[in-house]
There are 2 protein chains.
Amino acid sequence: MTPPATSAVPAMPVGLAVDVAAFAMHDGALRVLLVQRGELPHARDWALPGGLVLSGEELHEAALRVLRTETTVELEPRHLEQFHTFGEVGRDPRGRIVSVAHLAVLPHGTVEVSGGGHTLGAEWFSAHQPPALAFDHQSILDRALARLQLRLEYANLALEFLPETFTLPELQGVHEAILNRKLDKRNFRKRLLAQGVLTPSGERRTGVGRPAQLYRKAKSARSAAL
Amino acid sequence: MTPPATSAVPAMPVGLAVDVAAFAMHDGALRVLLVQRGELPHARDWALPGGLVLSGEELHEAALRVLRTETTVELEPRHLEQFHTFGEVGRDPRGRIVSVAHLAVLPHGTVEVSGGGHTLGAEWFSAHQPPALAFDHQSILDRALARLQLRLEYANLALEFLPETFTLPELQGVHEAILNRKLDKRNFRKRLLAQGVLTPSGERRTGVGRPAQLYRKAKSARSAAL
DNA sequence: GCAAAAGTGTTCTTTTTACACCCATGC
DNA sequence: GCATGGGTGTAAAAAGAACACTTTTGC
């Protein structure tokens, strides 16, 4: 790879960036974290947190850094993976910028955010009906959602949206919010329990109606593949 | 994305490259196209074709260019997709180079290759037992194989390895070579014919043994998803 | 007529879907 | 005692896996 000196060395270097689609559940709905841009182009528009990769920095470190500096999210993501690299020549009017897009899952309870760095603000939005987004960020978000849905089946990513202990109806709610459709309660429980990734904690959660059994992730829970 | 001027602007830019794992079938085996490096580091080692992305160039164009210029492959790939971006800081001793890895399928009949550009040569190797590879190219190849196997189910990528018309045993051979295991003939035929992506051409291929029905891709064949 | 490869069906198992009622608690 | 949400089982359909013999051709 990388022939040292071609006849056609790039005159201007290609800029490398990361963008992060960070998801969390609030009030039973899937939300995505957006920042309001403070500068041109697309000033005042909403966008995914993102920025240039520094030269000594791993891609996932860059993703974590832009999350931290452009918003006030303090918690570590429970999951972070790159899912596609967006490099179309015209995607950024400032020049050739190629962005490695990442999917992040923030833990339950990550509710308060505000802008940091160069942004005017940061807020959670409905992941399925976001506002108009800057650049090609709607395409990035679409693809992030598709990957997230894929990860529900193969990995058990829904668990990362919840606190350590949770009830089965809560877990089903996460699946429904991500898939954007209703699931059958009995089939859902049967399938999840058959997977053996849940262990009952013994405790129960009381509230309105019948108390629900609390579960936690079994020790043998595997992470994302492919 | 891309805050215009952070306090920590990258001192040295991050180099962006593409690497290409190009596959074809020869003699019933899955082969990958490798080039022998002519320069340090890893001089004389085998590697995936790859190189820096030029500033006005789309990622897939860069992938096609390095395929053309580092080997003498003349045919257009029947399939080309990026599947992962490799960016670990230490992956290239010459500096920070991030590579968008691509998977390519070359059409049947792509047999003759030789080196071009800066390479000492280009050859086809067994995709499942390649020689020692330069840099992190073994990891890239591993992941390319995994993606290729995934694409057998979701897309019908096996068809792209074959000429326009082909027999069911030939198609099964492609699946077996990619999955690296034997398949049941009856179940394979049942499944493939049920998908409705094949239309019999009416012709038959004669040879040793009973002649085989020739098929072609149906018009409604869909491409890769996700 | 024999060697070689193509073609063909059935059974069993597993997985997925559809569907309606009782249970435990707070008030 | 009633409103609220949690919890449970079964039957039908679909999909996947195992498995052996007959057919057509060239020589």
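All chains are named by letter (A, B, ...) in the order of the sequence lines, taking the proteins before the strands, and each is independently numbered beginning at 1.
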Check: Could you state the NZ-P distance from K185(B) to dA18(D), rounded to the nearest angstrom?
Finding: 17 Å
Margin query: Under the rule for side chain to side chain donor-acceptor pair (under 3.5 Å), what residues qualify as partners of R189(B), not counting sequence neighbours?
Written below: none
Distance-only criterion, 3.5 Å: show the donor-acceptor pairs between side-chain atoms of residues 161-169 of chain B and protein atoms not counting sequence neighbours.
from: E164(B); atom 1: OE2; to: R216(B); atom 2: NH1; distance (Å): 2.9
from: T167(B); atom 1: OG1; to: E170(B); atom 2: N; distance (Å): 3.2

Next item on the list: Measure the distance from CZ on F188(B) to P on dA18(D) and round it to the nearest whole Å.
Entry: 16 Å
Check: Which residues pass the ring pair (Phe, Tyr, Trp, His ring centres under 6.0 Å) test with H60(A), sequence neighbours left out?
Finding: none
Item checked: Under the side chain to side chain donor-acceptor pair (under 3.5 Å) test, residues paired with K190(B) that sit two or more places apart -> N187(B)
So which protein nitrogen or oxygen atoms get under 3.5 Å of nucleotides 9-13 of chain D's nitrogens or oxygens?
from: dT10(D); atom 1: O4; to: K190(A); atom 2: NZ; distance (Å): 2.8

Check: Counting any heavy atom closer than 4.0 Å, what does R191(A) reach on the DNA or RNA strands: base, sugar-phosphate only, or nothing?
Finding: nothing
Next item on the list: Would you give the length of the straight line joining atom CG of L16(B) to atom OG1 of T85(A), rounded to the nearest 0.5 angstrom?
Entry: 8.0 Å
Check: Partners of E160(A) by side chain to side chain donor-acceptor pair (under 3.5 Å), sequence neighbours excluded?
Finding: R78(A), K217(A)
Note to self: I'd like to know if D19(A) pairs up with R143(A) as an ion pair, taking the criterion as any Lys NZ or Arg NE/NH1/NH2 lying under 4.0 Å from an Asp or Glu carboxylate oxygen.
What the structure shows: no
Margin query: Let me confirm one number: the CD-CD1 distance from Q149(B) to I178(B), rounded to the nearest 0.5 Å.
Written below: 8.0 Å
Notebook entry, point to check: Are the aromatic ring centres of H102(B) and F83(B) under 6.0 angstrom apart?
Noted result: no
Item checked: Exam field: side chain D184(A) to backbone R186(A), donor-acceptor pair closer than 3.5 Å -> yes
Next item on the list: State which residues pass side chain to side chain contact (heavy atoms under 4.5 Å, CB included) with A134(A); sequence neighbours excluded, sorted by chain then number.
Entry: R37(A), H42(A), D45(A), A47(A)
Next item on the list: State which residues pass side chain to side chain donor-acceptor pair (under 3.5 Å) with Q36(B); sequence neighbours excluded, sorted by chain then number.
Entry: none
Check: Between L193(B) (CG) and dG16(D) (C1'), how many Å, whole number?
Finding: 16 Å
Item checked: Listed partners of E57(A) passing salt bridge (Lys or Arg N to Asp or Glu O under 4.0 Å), at least two apart -> R65(A)
Next item on the list: Give me the first and last nucleotide of DNA chain C, going 5' to 3', that has any atom under 4.0 Å from a heavy atom of chain A.
Entry: dT17(C) to dG26(C)
What protein N or O atoms touch nucleotides 24-27 of chain D N or O atoms at under 3.5 angstrom, if any, and at what distances?
from: dT24(D); atom 1: O2; to: R210(B); atom 2: N; distance (Å): 3.4
from: dT25(D); atom 1: OP1; to: R204(B); atom 2: NH2; distance (Å): 2.6

Check: Going by heavy atoms closer than 4.0 Å, what residues in residues 165-176 of chain B are next to DNA chain D?
Finding: none
